[in-house]
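This report concerns only the one structure given below.
Start at 1 and go down the list; that is how both ligands and their atoms are numbered.
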Amino acid sequence: MRVLRRALGTLLVLGGLGAAVSCTAAHGDDARPGAGRRAALAPYERLLPAPASARAGGAGYAFGPGTVIRTGPDAPREVRQVGELLAEQLRGPSGLPLPVAQGQEGDGIRLRLDDAARELGAEGYRLRTTASGVTLTARTPAGLFHAGQTLRQLLPVRGAGVVPGGEVTDTPRFAYRGAMVDVARHHFPVEQVKRYVDQLAQYKINTLHLHLTDDQGWRIAIDSWPRLATYGGASEVGGGPGGYWTKAAYRDLVAYAAQRYVDVVPEIDMPGHVNAALASYAELNCDGRAPERYTGTKVGFSSLCVGKERTYEFVDDVLGEIAALTPGRYLHIGGDEAHSTPAADYAAFMDRAQAVVAKHGKTVVAWHQLAGARPARGAVLQYWGHDKTPAADRSAVAAAARAGHPLILSPADRAYLDMKYDKATKPGLSWAGYVPVQRSYSWNPGSYLPDVPESSVLGVEAALWTENIATRSEWELMAFPRLLGLAELGWSPAAALDWPAYRLRLAAQAPRLEAQGITYHRAPEVPWE
Ligand code: TNX
């Protein structure tokens with residue numbers, strides 16, 4: 001029996017077979033240069049996000065040319081789809097045929113739905129490897145999908161090889177594990193977002209929040225207000241041509257994400273951040289005059305005309321069409337930085353906008369400024385404050401949490417992927433300070449906000465704003481590797497959150513990121529493989 005223990009950041013590997021990965025690691029910083037370089041992590045210790053429990057032991061399975069993926073005799077269509085997608089994901093790097101079979105028992109990779117495995121919940125799974133194969137068990141297809149992503153990490157980066165014997169039993173800490181991307185400040189093609197969905201799903205992130213509209217561009221076609229996209233979409237920061245997604249393109253993205261168990265949360269930001277809409281329709285302006293389109297990076301200068309009834313027809317039409325396009329339960333209505341909307345108007349506007357969301361059968365998500373107005377029953381608040389956010393603002397959010405509003409945590413000085421790592425980072429901003437990889441990882445979402453219990457935290461979201469990010473490589477450089485740490489904060493048990501151990505797990509991901517052609521920041525605090 002080989003017991004792996006972490007104490008004061010030191011890896012102590014005792015001889016024997018099998019490794020129990022302990023989640024009782026001592027916390028603390030390991031400042032010694034090169035610390036941890038000595039011990040290469042075994043496959044079950046390398047998993048990222050760290051699973052709730054993992055144990056190596058027994059004979060392994062030889063994954064090779066004869067491997068079949070088996071979905072079981074009466075597998076529902078969704079399970080077969082999970083099997084097909086897993087086969088596709090494994091074929092690329094391994095070059096193996098990996099046929100997907102139903103029906104017969106046999107060696108290979110077996111996907112099993114087991115409704116009786118209550119302990120696995122809505123997204124959990126068990127993965128068991130023996131000489132005859134790897135069995136993935138879950139109560140839901142989503143759980144099987146996550147199990148498949150774990151299996152990918154147990155396999156060699158390229159080619160065939162042995163999956164070591166062992167077992168993982170894993171469930172997420174938080175139900176909501178999100179990533180936001182701002183496709184408004186710069187337009188990005190759906191293909192780039194799909195690539196991101198694959199990257200997110202691989203680390204068990206289950207929500208894609210799309211910031212679809214802002215001062216600089218309106219990126220989604222709305223049939224009842226067509227100029228929003230055709231005129232309001234034809235601009236972006238820096239004066240580029242911009243662009244927008246058709247409804248078909250958006251639906252295609254939503255379906256692609258759904259196949260990877262990622263829900264889309266669309267955001268229409270209101271009542272501020274609306275210059276693109278005001279520029280497209282003069283009637284939305286209080287004075288009836290449309291402003292110029294905007295290609296700068298200021299915030300807080302635009303507002304919908306709160307006193308005009310036409311504004312609410314607009315809100316109803318837009319949210320109605322977005323709700324109809326989106327199968328998920330949430331609609332995000334922004335509500336941040338409405339500096340040009342007086343407080344009373346803001347509250348009145350948000351009352352009506354929230355009612356429209358409810359009318360279309362969705363649950364409101366809004367930035368945490370809604371806490372200063374009147375969040376509707378069930379509304380979810382997304383916190384984006386930082387260490388210097390005034391205590392009064394935090395208390396308003398804490399009070400809303402106590403009143404029953406779930407919170408999504410995106411602290412700007414930890415979870416904002418557009419913050420530069422350090423002064424040498426070229427893309428991005430630094431208004432919330434530099435956010436190195438260690439800082440982004442080193443916080444506990446369950447105890448982050450004073451007077452907010454873990455039970456009020458729906459989850460964690462990594463946000464990528466794009467004022468200063470225009471290309472795929474800039475996007476990836478800023479997201480990777482911080483996204484992986486935020487994925488772990490959302491998924492792994494609190495006891496597994498440990499920087500000295502995490503930096504080794506992260507270092508071990510480098511060959512995978514490279515094999516996928518992902519641009520990433522080789523942070524100096526990580527002993528990259
Ligand atoms: C704040 S976070 C904003 C965005 C900016 C971002 C840049 C939030 C709700 N509003 O409008 O893009 O900072 O980091």
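- Salt bridge Glu283/Lys308: absent, no basic N to carboxylate O contact under 4.0 Å.
- Aromatic ring orientation, Tyr312 versus Phe349: tilted (interplanar angle from 30° to 60°).
- Among all non-hydrogen protein atoms, the one lying nearest atom 2 (S) of ligand 1 is Tyr416 OH, 2.3 Å.
- Taking the ring centre of Tyr256 as origin, the terminal cationic atom of Arg260 falls inside the region bounded by 6.0 Å and 45° from the ring axis.
- Note: an N/O pair closer than 3.5 Å links Glu337 and ligand 1 by distance alone.
- For ligand 1, the atoms closer than 4.0 angstrom to any heavy atom of Asp418 are 7 (C), 14 (O).
- At a heavy-atom distance under 4.0 Å, only side-chain atoms of Leu429, from C-beta outward, approach ligand 1.
- The protein heavy-atom contact nearest to atom 10 (N) of ligand 1 is Asp336 OD2, 2.8 Å.
- Checking only distances, Glu467 does come within under 3.5 Å of ligand 1, N or O to N or O.
- Considering OH of Tyr203 and CG of Leu484, their distance stands at 4.5 Å, rounded to 0.5 Å.
- If you number the atoms of ligand 1 from 1 as listed, the ones under 4.0 Å from a heavy atom of Met419 come out as 14 (O).
- Between Lys298 and Glu337 there is no salt bridge, since none of the side-chain N atoms of the basic residue sits less than 4.0 Å from a carboxylate O of the acidic one.
- Stacking of Arg293 on the aromatic ring of Tyr231 is recorded, both the 6.0 Å distance cut-off and the 45° axial limit being met.
- For Pro291 against Asn285, the heavy-atom pair with the smallest separation is CD-OD1, 3.5 Å.
- Polar contact with ligand 1: present for Trp431 (N/O pair, distance under 3.5 Å).
- Contact analysis puts His273 in contact with ligand 1, with a non-hydrogen atom separation below 4.0 angstrom.
- A centroid separation of 6.0 Å or more is found between the aromatic rings of His211 and Trp367.
- Taking 4.0 Å as the cut-off, Gln382 does not count as a neighbour of ligand 1 on heavy-atom distance.
- Residue contacts with ligand 1: Trp384 is placed with no nitrogen or oxygen under 3.5 Å of a nitrogen or oxygen of the ligand (distance criterion only).
- Residue contacts with ligand 1: Asp182 is placed with no nitrogen or oxygen under 3.5 Å of a nitrogen or oxygen of the ligand (distance criterion only).
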